[in-house]
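Scroll down for the structure; my scribbles are underneath it.
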2 protein chains.
Amino acid sequence: MEKALQYILEGTLQNMARPPLFDMSLLLDAAVRLAAEAGPAGVTMSAVAAAVGAPSGSVYHRFAGRPALLAEVWLRTVERFQEGYFAALRSAPDPHAAGAAAARHIVAWSRAHPEEAALLLYGARDFGRDGWSAEHAERADRGHRRVRDAVGALARDLGAHTPQDTERVSLAVIDVPLSLVRRHLRGGTELPEHAEDLAERCTAALLAG
Amino acid sequence: MEKALQYILEGTLQNMARPPLFDMSLLLDAAVRLAAEAGPAGVTMSAVAAAVGAPSGSVYHRFAGRPALLAEVWLRTVERFQEGYFAALRSAPDPHAAGAAAARHIVAWSRAHPEEAALLLYGARDFGRDGWSAEHAERADRGHRRVRDAVGALARDLGAHTPQDTERVSLAVIDVPLSLVRRHLRGGTELPEHAEDLAERCTAALLAG
DNA sequence: CCCCTTTTGGAGAAGGCCCTCCAATACATT
DNA sequence: AATGTATTGGAGGGCCTTCTCCAAAAGGGG
């Protein structure tokens with residue numbers, strides 16, 4: 001009865017069907033693992049299937065093709081990250097405090113989700129963005145705009161006037177913390193305990209200077 | 001006669017042979033172009049051959065295989081970049097001035113060599129470093145150590161004591177300027193005129209703070 | 001117990017890529 | 001002109017990947 005309700009909510013009226021053994025999130029989890037290990041090139045349809053023990057048909061049942069799979073794994077990761085990132089950016093009325101929270105969030109989230117963070121260090125282009133469907137491209141654009149607007153608002157709160165000022169704020173609250181993460185993830189070492197402190201300090205220096 | 005001298009200097013004694021139509025640097029140039037367009041995955045042996053109109057045999061005559069080609073294109077690019085980078089780091093006795101020069105060099109070099117700069121935004125791992133020969137791995141290690149030592153020396157001149165201080169200096173003179181380049185190269189826009197100024201300013205803020 | 005639907009399980013075609021191999025070639029020297 | 005050598009030019013095998021297709025399976029609802 002509860003299952004039925006769930007199916008109705010999802011739009012599946014009529015009769016019930018065989019429950020999935022390999023659902024979308026399971027396949028995406030495997031794709032994340034593969035991408036973290038060997039980069040986007042390692043995310044092949046057959047590798048994902050093999051990673052979860054599924055036949056290739058099941059992968060194609062969930063995703064229209066490799067471009068769709070790459071788009072979904074990239075977008076899910078970015079959107080999961082952004083969820084907390086926007087919250088951090090709005091966590092304080094003082095823009096300096098908000099910037100510090102944003103910087104800490106990037107480092108803390110990457111420490112908690114190292115494999116997904118490894119994905120963020122690539123770009124949508126590396127995940128075949130040029131071949132994505134219009135819907136996937138639109139999702140990516142929407143996320144991109146949201147970040148741009150949020151950082152732009154922060155820059156205004158900080159008294160930024162020129163495009164250079166805005167770019168400096170972007171570097172401070174996005175690129176510098178990400179660089180810190182990249183430095184350790186690429187080096188194979190874990191993020192040290194003080195990484196959040198260092199990120200916050202660098203961000204503050206950039207916002208001030 | 002001059003050719004003979006050149007051959008002798010290169011160690012080719014004995015008889016002269018057919019001059020190459022597709023030499024190593026020509027093939028590497030094509031590989032750089034391909035990597036800038038489609039990432040390391042786009043650098044296939046057949047794509048490089050097709051890009052210069054050579055038969056695949058000529059590519060294999062120069063490179064033992066795809067891992068060797070990827071290693072050479074990566075190492076040549078990194079070493080070309082480092083050449084000027086070390087000079088900039090040593091261009092002034094004052095460490096703040098040296099850091100500023102280093103930051104400006106990263107941006108200026110990337111503007112002058114956008115395709116090679118696009119390579120630098122990846123990592124050796126993306127170019128298959130795990131499968132490189134011992135010689136190629138050693139070349140990569142040597143370059144890595146030289147950078148580490150040079151930045152470490154700069155950090156000492158700046159009075160850095162803790163590992164965090166050194167890491168902050170690395171961020172200032174390497175990662176922040178690179179992030180600025182990445183931001184524009186990935187966005188498809190050219191580096192603006194003021195990019196060097198912005199990089200220098202950000203680096204100075206990080207070195208101070 | 002039967003029905004309906006989704007999902008599984010896997011075979012196989014098509015195409016791309018890595019790499020090998022070898023005869024033909026072109027050229028500086030003698 | 002003859003020689004010796006590095007290089008070209010390209011055919012082809014083996015492997016991996018993407019993608020299609022379809023019969024069999026599985027399970028909730030009537």
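Within every chain, numbering begins at 1; the chains are lettered A, B, ... in the order of the sequence lines, protein sequences first and strands thereafter.
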Centroid-centroid distance, A:His61 to A:Phe22, less than 6.0 Å: no

Residues from residues 59-66 of chain A lying under 4.0 Å of DNA chain C - heavy atoms: A:His61, A:Arg62

OP1 or OP2 of C:dT8 under 4.0 Å from side-chain N/O of A:Ser58: yes

Donor-acceptor contact present, side-chain A:Ser58 to main-chain A:Ala54, <3.5 Å: no

Contacts of type ring pair (Phe, Tyr, Trp, His ring centres under 6.0 Å), residue B:His113, not counting sequence neighbours: B:Trp109

Crowding at NE2, A:His144 (>12 non-hydrogen neighbours, <6.0 Å): no

Stretch residues 23-52 of chain A: residues that reach within less than 4.0 Å of DNA chain C through a heavy atom: none

Carboxylate-amine/guanidinium contact A:Arg146 A:Asp141, below 4.0 Å: no

Stepwise salt bridge (charged side-chain N to carboxylate O under 4.0 Å, His left out) test for A:Arg183 and B:Asp175: CA-CA 9 Å; A:Arg183 177 168 285 278; B:Asp175 298 283; 2.4 Å; yes

Counterpart residues, salt bridge (Lys or Arg N to Asp or Glu O under 4.0 Å), relative to B:Arg33 (two or more places apart): none

Over all atoms of both residues, closest heavy-atom pair of B:Leu207 and B:Gly99: CD1-CA, 4.3 Å

Any N/O pairs under 3.5 Å between the protein and nucleotides 12-15 of chain D? List them or say none.
none

Salt bridge flag under 4.0 Å for residues B:Glu79 and B:Arg139: yes

Test item: side-chain donor near acceptor, B:Ser133 and B:His136, under 3.5 Å: yes

Verdict with supporting geometry, B:Asp29 and B:Arg76, salt bridge (charged side-chain N to carboxylate O under 4.0 Å, His left out): CA-CA 10 Å; B:Asp29 291 345; B:Arg76 188 186 76 164; 2.8 Å; yes

DNA chain D-proximal residues of residues 122-131 of chain B, any heavy atom under 4.0 Å: none

SB check A:Arg104 A:Glu196 (cutoff 4.0 Å): no

Proximity to the side chain of A:Pro20 - top-ranked nucleotide from C:dC19, C:dT7, D:dG9: C:dT7

Heavy-atom neighbours of B:Glu138 CD exceed 12 at 6.0 Å: yes

Euclidean distance, atom CZ of residue B:Arg18 to atom C1' of C:dC27 [Å, nearest integer]: 9 Å

